[in-house]
Amino acid sequence: MIVGYRSTIITLSHPKLGNGKTISSNAIFRRSCRVRCSHSTPSSMNGFEDARDRIRESFGKVELSPSSYDTAWVAMVPSKHSLNEPCFPQCLDWIIENQREDGSWGLNPTHPLLLKDSLSSTLACLLALTKWRVGDEQIKRGLGFIETQSWAIDNKDQISPLGFEIIFPSMIKSAEKLNLNLAINKRDSTIKRALQNEFTRNIEYMSEGFGELCDWKEIMKLHQRQNGSLFDSPATTAAALIYHQHDKKCYEYLNSILQQHKNWVPTMYPTKIHSLLCLVDTLQNLGVHRHFKSEIKKALDEIYRLWQQKNEEIFSNVTHCAMVFRLLRISYYDVSSDELAEFVDEEHFFATSGKYTSHVEILELHKASQLAIDHEKDDILDKINNWTRTFMEQKLLNNGFIDRMSKKEVELALRNFYIISDLAENRRYIKSYEENNFKILKAAYRSPNINNKDLFIFSIRDFELCQAQHQEELQQLKRWFEDCRLDQLGLSEQFISASYLCAIPIVPGPELSDARLVYAKYVMLLTIVDDHFESFASTDECLNIIELVERWDDYASVGYKSERVKVLFSMFYKSIEEIATIAEIKQGRSVKNHLINLWLKVMKLMLMERVEWCSGKTIPRIEEYLYVSSITFGSRLIPLTTQYFLGIKISKDLLESDEIYGLCNFTGIVLRLLNDLQDSKREQKEGSINLVTLLMKSISEEEAIMKMKEILEMKRRELFKMVLVQKKGSQLPQLCKEIFWRTCKWAHFTYSQTDRYRFPEEMENHIDEVFYKPLNH
């Protein structure tokens, strides 16, 4: 049975599912579904379009926000010609001009949890001003801020910039040398104590915190990048010039930044790849990426070119490397997991100087590791997955993510991406989106092309438009349900929402309304047929139904064995004829025979299951069981029928190709295994045949379940590979392949942890969030 069957769904109710006026189902199906919210006005739609245009333009903007902390370190660099003069006096001007009203420096606007960042940035700015004997008034106000907010230095609830435990105590010592009177209580904040903190195991990234104690010559030798920087960090690069004079490449690096930004620097540079990766990832998380397909493709094409060239900006940064791999692979680019081989060993990863800077890297590595598609070639990803999962689980137990990641982010990352509902996550991401959101390295920063009002408003508006369309389509299904009198065949009206909920993530996008409606209708039709072949109808009645379908154009000569068969076939005939008519219009050829043959295959195998297996007459072989039960589950019937409504002309030969057969086969086995793993206990009690019971004839129940999980993972990967990797000579459009993967993904979501459809509150909440509940952001 296909995911969403009534046998796995309980009756639900919703006050907003009111009765609709009964009209012709043919009219329903032909009617265009261009929906406008009640509050949609020409001006609001113009605003929507304007915001989309500005977001498109943001692909060309690669800025990060100014970093007071890094700008202060650059300001402290002495001139090549005189140690008594600043090399970059324009940075001093920026510091003087950008002090906040409370006397501090830092991210604008700030955040209540960024007091440590403000303290660090403020102290760095005070050191720069004091060193060059300028800005007396600014220094006075900055000292006042530090005095009133010094309580936050050891506060565990405040977010710490990376290396704060090393850099801030070091700057305090520098302030003492400059006779800066800091009103800070003496604390045991020694560098030795800081070195024991696991956030700073790779101390070279925080070298400015060690000053003259560093072997700068060795650091430059090991870590200077082709662009002249140390770790793409303006602050660390500036420190190298302060403590290790006259490095031409360091000067050129800092000058290249100031040529772009005039008098300030960001906390990392270059920023192009970082900004593009974050923008693409954000658009996908918000669920609006379909509006920017050409821009995203252009960006990923460029990133793929750099990946192939082993670009330093990608491969010298763990986060970038993992994100690039993930975004490229999920977007059908050919990328090898071999490029992540250096991260396989946890101990080596943490011990490698300059690699580990924050938990964000662990998160991104874990996300990348979930995209394994080959058991042998992707063993690198499996190994990374194992240690990153263990690491994050341990941090959850110890509440060790305060400094960078919320508990919810970690919990979400630990759930495999294929068991997460995109609909629910898009909604969650929009609700949690803030235009003043920030990230933090050694200083907090924002990306103007990601954290902005346009993207926020556009995402909300798009969600509302999609939600309005879903509501309209749901009403269309309700009218079709009433017109076909499906309630007379034992199907509850509340099943409409559950069936349609299956269709939305599998056939997303406003333009695919017809395909989405067909998918939902087929879920309901298959449920009715399955119920009759499994329990409602007698064997003779089942044979009667099959004969009626076989003699489709001459069914009147067959006759009905019972009134029940007559009602069922009349509804079935009318529905398939209407769907076949629309499919013929879309395809430019008749596909009715194919639709009928798909149904005949399902019905005949359902009858065999009943007569041969359920009666105990024969016990199927495992291969036979998987083949038959995956087809009766609907794994061929529904996805193949949906292909006709995707707006793509698809030939008979293509639908009968080995590629389509493989997609159907892997999808069917995944669905069947998920169902059997979930329902094995119940079906054993009922005496039903299940793969667990078949395997238990030679092994224990525990071994059987373990073996099924191994097969499930293998088949899921094989399906994923077929979808992601373009087969040589394949003519099957990507959209057609994605239907199978999304069906698999929705099944994983449905059966994850518990059968969600057995819990009315969970199911009703999900329906509410998708169809009705406003964002109320």
Side-chain angles (χ1 to χ4, degrees), residues 12-21 23 25 27-53 55 283-292 421-431 433 453-482 493-494 496-521 645-647 742 746 763-777:
L12 301 169
S13 60
H14 198 288
K16 297 179 182 177
L17 287 175
N19 291 325
K21 188 176 180 181
I23 63 174
S25 58
I28 294 171
F29 202 81
R30 288 174 181 271
R31 190 172 70 181
S32 172
C33 191
R34 298 184 180 273
V35 181
R36 175 169 290 180
C37 297
S38 58
H39 54 277
S40 295
T41 63
S43 59
S44 68
M45 292 305 294
N46 289 338
F48 182 77
E49 297 293 336
D50 291 343
R52 179 162 57 190
D53 290 341
I55 294 167
L283 292 172
Q284 291 180 349
N285 289 333
L286 290 169
V288 297
H289 53 290
R290 69 183 185 280
H291 294 283
F292 309 98
S421 167
D422 291 337
L423 299 168
E425 286 313 307
N426 291 156
R427 181 188 178 91
R428 184 192 70 82
Y429 200 88
I430 294 171
K431 285 185 70 66
Y433 180 88
K453 191 174 183 179
D454 281 333
L455 194 49
F456 174 55
I457 293 174
F458 182 83
S459 301
I460 292 177
R461 191 77 186 96
D462 180 72
F463 185 91
E464 290 172 344
L465 288 170
C466 289
Q467 195 175 57
Q469 179 165 349
H470 294 155
Q471 291 172 9
E472 174 61 22
E473 290 177 2
L474 194 59
Q475 290 304 315
Q476 291 185 41
L477 283 173
K478 181 175 171 55
R479 291 190 288 269
W480 172 80
F481 180 96
E482 293 173 346
E493 181 182 307
Q494 282 72 36
I496 302 170
S497 297
S499 300
Y500 181 55
L501 194 63
C502 292
I504 294 175
I506 295 170
V507 194
E511 73 282 3
L512 297 177
S513 177
D514 287 346
R516 195 159 43 248
L517 290 170
V518 166
Y519 199 104
K521 289 177 181 180
F645 298 88
L646 297 176
R742 290 182 186 135
W746 177 254
M763 182 61 175
E764 190 164 339
N765 285 339
H766 200 58
I767 289 174
D768 252 346
E769 288 189 343
V770 174
F771 297 145
Y772 303 112
K773 199 177 284 185
L775 283 168
N776 287 334
H777 196 95

Hey, could you give me the [atom1]/[atom2] distance between [X] and [Y], rounded to the nearest 0.5 Å?
X: Leu423; Y: Gln467; atom1: CG; atom2: CD; result: 10.5 Å
X: Phe292; Y: Ile55; atom1: CZ; atom2: CD1; result: 4.0 Å
X: Ile430; Y: Asp462; atom1: CD1; atom2: CG; result: 7.5 Å
X: Ser497; Y: Lys478; atom1: OG; atom2: NZ; result: 9.0 Å
X: Ile504; Y: Gln469; atom1: CD1; atom2: CD; result: 9.5 Å
X: Leu455; Y: Leu283; atom1: CG; atom2: CG; result: 6.0 Å

Next on the checklist: Given Leu646, which partner from the list Val518, Asp514, Val507 fulfils the side chain to side chain contact (heavy atoms under 4.5 Å, CB included) test?
Outcome noted: Val507

Checklist entry - Is it true that a side-chain atom of Arg516 and a backbone atom of Ala503 form a donor plus acceptor pair closer than 3.5 Å? => result no

Next on the checklist: Given 3.5 Å as the limit, does a donor-acceptor pair link the side chain of Asn426 with the main chain of Asn285, or not?
Outcome noted: yes

Item to check | For the student: nearest non-hydrogen atoms of Leu286 and Ser459, plus distance | outcome: CD1-OG, 3.2 Å

Checklist entry - Between Glu473 and Ser513, which heavy-atom pair has the shortest distance, and what is it? => result OE2-OG, 2.8 Å

Flag the pair [X] / [Y] as yes when at least one side-chain heavy-atom distance between them is below 4.5 Å, and no otherwise.
X: Leu517; Y: Trp480; result: no
X: Phe48; Y: Leu465; result: yes
X: Pro505; Y: Asp422; result: no
X: Leu477; Y: Phe481; result: no
X: Pro508; Y: Arg290; result: no

Next on the checklist: Checking Gln471 against Gln475 for the side chain to side chain contact (heavy atoms under 4.5 Å, CB included) test, could you report, in this order, the C-alpha distance in whole Å, the side-chain angles of both residues, the deciding distance, and whether it holds?
Outcome noted: CA-CA 6 Å; Gln471 291 172 9; Gln475 290 304 315; 5.9 Å; no

Next on the checklist: Over 60° means perpendicular and under 30° means parallel, so tell me whether His291 and Phe458 are parallel, tilted or perpendicular.
Outcome noted: perpendicular

Checklist entry - Would you call the rings of His470 and Phe771 parallel, tilted or perpendicular if under 30° counts as parallel and over 60° as perpendicular? => result perpendicular

Checklist entry - With a 4.0 Å cut-off, would you call Glu472 and Arg479 a salt bridge? => result yes

